[in-house]
Colleague: 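Here it is: the structure, laid out below.
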Amino acid sequence: MNSSHSSAASRSPHTFRTVFPVLALCWLAVFFDGMDVNIYGAVMPHMLDDSGLGLTPATAGTIGSWTTFGMLIGALTAGNLTDWLGRRLMLVTSVTLFSLGSAICAVAPGVGLFGAGRFVAGLGLGGLMPLCLAMVMEFAPPRRAALTTGLLMTSYHFGGMAATGLGLTLAPAAGWRWVFWAGVLPALVAVPLLLKLLPESPGVLLAHGERAKADAVADRYGLPRPTEVAAPAAGAAGRLTAIRALFRPESRWATPLLWLASFSGLLLVYGVSTWLPQMMRASGYGLNSSISFLMVINAGGIVGLLIAGRAADRFGAVRVSAIWFVLTAAGALLLKSQLPLGVTYAVVAVTGVFLFSAQVMVYAATNTVYRDSERAAGLGWVTGIGRTGAVVGPWLIGVLATNGNQSWGFTTFALAGLVGAVAIALVPLARRIGRSDAPAAPAPVAATVGLS
């Protein structure tokens with residue numbers, strides 16, 4: 001009894017201040033993620049002008065898809081490796097992989113090795129995002145999951161702006177290869193900090209049988225001590241159990257809708273990140289202006305995430321995501337028109353406000369569908385299946401560009417926004433249908449393990 005009183009007295013309050021170290025470290029990791037993803041789009045016009053490399057619009061789109069195919073594999077396998085390595089070491093591995101991929105790109109003599117480098121980078125990038133999202137959601141203060149997720153994802157867009165800055169300054173002065181050398185910085189900066197300062201997930205520690213360590217981390221950061229139902233099951237059998245749980249009656253219809261919304265959102269995110277500068281250049285804008293649009297849309301993304309996080313905490317992530325997808329579609333259609341430069345900058349910025357946070361709110365919506373023990377698997381599969389959209393987006397716009405139909409890319413983005421809006425808007429209805437299909441709980445005790 002005395003020990004329980006003393007442990008309770010030593011517990012930290014669960015506030016943003018107590019969990020700030022976790023948020024800050026994940027923010028740094030995702031910053032470098034955003035920088036690496038956007039580097040390719042920021043330097044693509046310079047690479048297309050480099051006759052020695054041999055890059056064409058068709059191969060540029062294919063290489064963009066290799067990157068996101070690597071992300072797909074990384075996202076789907078990170079959960080299994082987390083069972084053995086833990087989330088902290090997996091984050092370190094992810095950062096190391098995409099730094100290595102950037103180094104390969106920097107020395108690549110042709111498109112073959114360059115594409116291999118982007119694939120290696122994709123393996124790391126794909127695993128990092130769901131791990132950081134799961135960590136931040138686990139450590140987030142109560143009723144602040146959407147806001148915390150939005151704050152985390154601002155780092156992606158700051159990273160995108162950093163990549164654009166490198167594309168505007170370093171690439172013209174020193175060549176596009178030096179921009180990829182800058183992509184090696186994460187291994188030098190983030191890896192030591194993650195190893196030294198990032199705690200392991202209490203839920204993962206408990207799943208590994210380390211009860212004392214799990215309780216100690218929970219007490220230090222003001223979290224509830226993890227219980228067996230909140231801990232992800234370990235091993236391959238545990239992963240299969242977690243996947244099956246995504247299709248229990250309460251979530252069996254909501255899960256594919258979340259996947260479709262994520263597919264649409266990531267088609268938009270990676271299609272725009274890869275092709276926006278070249279699409280705007282093909283529309284008649286100058287080289288520097290075309291690259292600058294990538295910085296502007298990422299700046300809009302930062303503002304959008306701050307707005308969306310607060311709005312979602314008040315009105316719900318599903319509602320905000322659906323509205324944001326519709327507004328993204330409207331912005332994409334406007335960009336198809338030939339507008340004055342100043343107006344175009346404004347439309348790009350406003351579109352960025354809605355485009356990126358629409359996808360992030362899909363992630364936040366998983367918090368309302370899945371139980372604690374299912375959250376990591378749910379996020380992993382929502383991001384993993386969504387990565388197929390990230391594969392399709394760069395490839396499809398590359399095909400359109402090869403055939404001289406780059407303007408149809410904006411129509412494609414608008415259609416993706418509408419599909420995403422419909423899919424996420426149907427999630428509450430799907431949950432209600434699932435609850436009606438679920439067998440009635442035989443006793444009040446059984447009801448406590450359902451969705452809250």
Side-chain angles (χ1 to χ4, degrees), residues 27-50 55 60 63-64 67-68 98-99 101-102 105-106 118 121 125 153-186 189 268-283 285-306 328 331-332 335 341-342 344-357 359 390 393-394 397 406 409 413:
W27 195 98
L28 179 65
V30 176
F31 170 87
F32 285 123
D33 179 307
M35 188 176 83
D36 194 284
V37 168
N38 284 273
I39 275 178
Y40 184 43
V43 300
M44 186 190 293
H46 296 283
M47 295 175 67
L48 289 169
D49 291 342
D50 183 354
L55 189 70
I63 288 173
T67 310
T68 50
F98 70 71
S99 296
S102 193
C105 290
R118 292 307 292 163
L125 295 166
M153 293 305 296
T154 60
S155 60
Y156 176 92
H157 301 291
F158 277 113
M161 293 175 69
T164 308
L166 292 170
L168 285 170
T169 57
L170 189 58
W176 61 265
R177 294 182 185 275
W178 280 101
V179 180
F180 284 98
W181 279 121
V184 181
L185 286 175
V189 176
L268 282 164
V269 168
Y270 288 96
V272 168
S273 297
T274 302
W275 279 102
L276 181 64
Q278 186 60 25
M279 288 171 66
M280 300 306 284
R281 189 184 188 190
S283 296
Y285 297 96
L287 177 60
N288 285 343
S289 295
S290 298
I291 297 174
S292 297
F293 287 129
L294 194 58
M295 179 174 287
V296 171
I297 203 166
N298 276 290
I302 294 171
V303 175
L305 286 167
L306 295 175
T328 298
L335 288 176
L341 182 61
T344 302
Y345 272 117
V347 172
V348 169
V350 173
T351 302
V353 169
F354 303 115
L355 187 156
F356 299 102
S357 48
Q359 171 63 23
I397 305 304
Q406 290 189 75
F413 293 150

Colleague: Is the backbone of Ile302 close enough, under 3.5 Å, to the side chain of Thr154 for a donor and an acceptor to pair up by distance?
Modeller: no
Colleague: Leu125 versus Val37: any side-chain heavy-atom pair under 4.5 Å?
Modeller: yes
Colleague: Quick check: do Asp50 and Leu55 have side-chain heavy atoms less than 4.5 Å from each other?
Modeller: no
Colleague: Kindly indicate whether the side chain of Asp36, heavy atoms from C-beta on, has any atom under 4.5 Å from the side chain of Arg118.
Modeller: yes
Colleague: With a 4.5 Å cut-off on side-chain heavy atoms, are Ser292 and Tyr345 touching?
Modeller: yes
Colleague: For the atom pair OG1 (Thr164) and NE2 (His157), what is the distance rounded to the nearest 0.5 Å?
Modeller: 11.5 Å
Colleague: Is Tyr40 close to Ile63 at the side-chain level, that is, under 4.5 Å between some pair of heavy atoms?
Modeller: yes
Colleague: If you round to the nearest 0.5 Å, how far is CD of Gln278 from CD1 of Ile291?
Modeller: 9.5 Å
Colleague: Please examine the side chains of Leu305 and Tyr156, heavy atoms only from C-beta on, and report whether any two atoms are closer than 4.5 Å.
Modeller: no
Colleague: In chain order, what residues pass the side chain to side chain donor-acceptor pair (under 3.5 Å) check against Tyr270, with sequence neighbours excluded?
Modeller: Arg387
Colleague: To the nearest 0.5 Å, how far apart are CG in Leu166 and CZ in Phe180?
Modeller: 10.5 Å
Colleague: Check whether any side-chain heavy atom of Met279 lies under 4.5 Å from a side-chain heavy atom of Phe293, and answer yes or no.
Modeller: no
Colleague: Under 30°, 30 to 60°, or over 60°: which ring-plane class applies to Trp27 and Phe31, parallel, tilted or perpendicular?
Modeller: parallel
Colleague: Under a 4.5 Å cut-off applied to non-hydrogen side-chain atoms, are Met280 and Leu294 in contact?
Modeller: no
